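Okay, so here's the structure we're looking at.
Side chains are part of it too, since the values below use all heavy atoms of this structure and drop only hydrogens, waters and symmetry mates. Note that this is a predicted model, so its numbers are computed, not measured.
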Amino acid sequence: MAAAKNYGPKRLVVGAHYGVMDFIIQRVTAVIMAVYTLVLLIGILMMPAFTYEYWTALFNFYVGVLPVGQILATLAFIALAWHAWIGVRDIWMDYVKSVGVRLLMQVLTILWLVGSVVYFAQILWSI
């Protein structure tokens with residue numbers, strides 16, 4: 001019986017396939033955060049004075065009936081949380097060998113990130 005060819009294009013690939021999708025997600029969320037940072041920086045540089053009123057006006061920028069400033073900030077913060085989740089999850093998977101401890105760390109990370117997003121939204125959308 002001949003040995004199966006397990007290399008090249010006929011290679012049997014198994015596993016969860018986290019790598020490619022997570023790589024793409026991390027790059028997309030990084031681009032979202034970079035673009036938002038530039039928009040925020042331009043907004044800050046165009047302020048006549050750095051006061052609370054102008055700062056809140058930056059986030060209360062409306063186009064028609066849509067609060068564009070708040071929507072962009074929320075999108076950027078969700079991208080930050082998702083980006084952080086992938087990175088921290090990979091750290092737990094690489095360095096925490098005990099399955100129980102790793103699961104606990106992942107659950108605590110998820111709770112912390114979800115709590116952060118909810119707290120952020122509560123603050124931003126109450127302006």
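Residues P67 and F59 have side chains not in contact (no heavy-atom distance under 4.5 Å, counting atoms from C-beta outward). No side-chain heavy atom of Q70 sits under 4.5 Å from any side-chain heavy atom of F61. Counting heavy atoms from C-beta on, the side chains of R89 and D22 come closer than 4.5 Å. Looking at I44 and Y54, their side chains never come closer than 4.5 Å, going by heavy atoms from C-beta outward. For the pair L113 and W82, the minimum side-chain heavy-atom distance is 4.5 Å or more.
Here F120 contributes atom CZ and W125 contributes atom CH2; the two are 9.5 Å apart, rounded to the nearest 0.5 Å. If you take CD1 on I78 and OG on S116, they are separated by 12.5 Å, rounding to the nearest 0.5 Å. Interatomic distance, F77 CZ to L72 CG, rounded to the nearest 0.5 Å: 15.5 Å. To the nearest 0.5 Å, atoms CZ (R27) and CD1 (I24) are separated by 10.0 Å. Atom CG of residue L38 and atom CD1 of residue I42 lie 6.0 Å apart, to the nearest 0.5 angstrom. Separating the CZ atom in F50 from the CG atom in L58 is a distance of 9.0 Å, to the nearest 0.5 Å.
Here the closest non-hydrogen pair linking A73 and L124 is CB-CD2, 3.7 Å. Across Q26 and I86, no two heavy atoms sit closer than the pair CG-CG2, 3.6 Å. Taking both residues in full, the closest heavy atoms of T29 and H83 are given as OG1-ND1, 2.8 Å, listed atom of the first, atom of the second, then distance. Closest of all the heavy-atom pairs between Q106 and W92 is CG-CD1, 3.8 Å. Scanning both residues, K97 and R102, for their nearest heavy atoms gives O-NH1, 3.9 Å. Between I32 and A76, the shortest heavy-atom distance links the atoms CG2-CA, 4.2 Å.
Note: the hydrophobic cluster containing V96 does not contain M93 (ILVMFWY, side chain heavy atoms under 4.5 Å, direct or indirect links). Each of V117 and V28 belongs to its own hydrophobic cluster when Ile, Leu, Val, Met, Phe, Trp and Tyr are linked at side-chain heavy-atom distances under 4.5 angstrom. In the hydrophobic clustering of ILVMFWY residues, with side-chain heavy atoms under 4.5 Å counting as a link, L80 and L40 come out together. Connection of I127 to I71 is established within a shared hydrophobic cluster, with ILVMFWY side chains joined at heavy-atom distances below 4.5 Å, either directly or through further cluster members. I123 is not connected to W112 by any chain of hydrophobic side-chain contacts under 4.5 Å among Ile, Leu, Val, Met, Phe, Trp and Tyr, and they are in different clusters.
For T109 and W85, the side-chain atoms include no donor-acceptor pair closer than 3.5 Å.
Checking L108, V101, V107 one by one against L104, the side-chain contact (heavy atoms from CB on, under 4.5 Å) holds for a single residue, L108.
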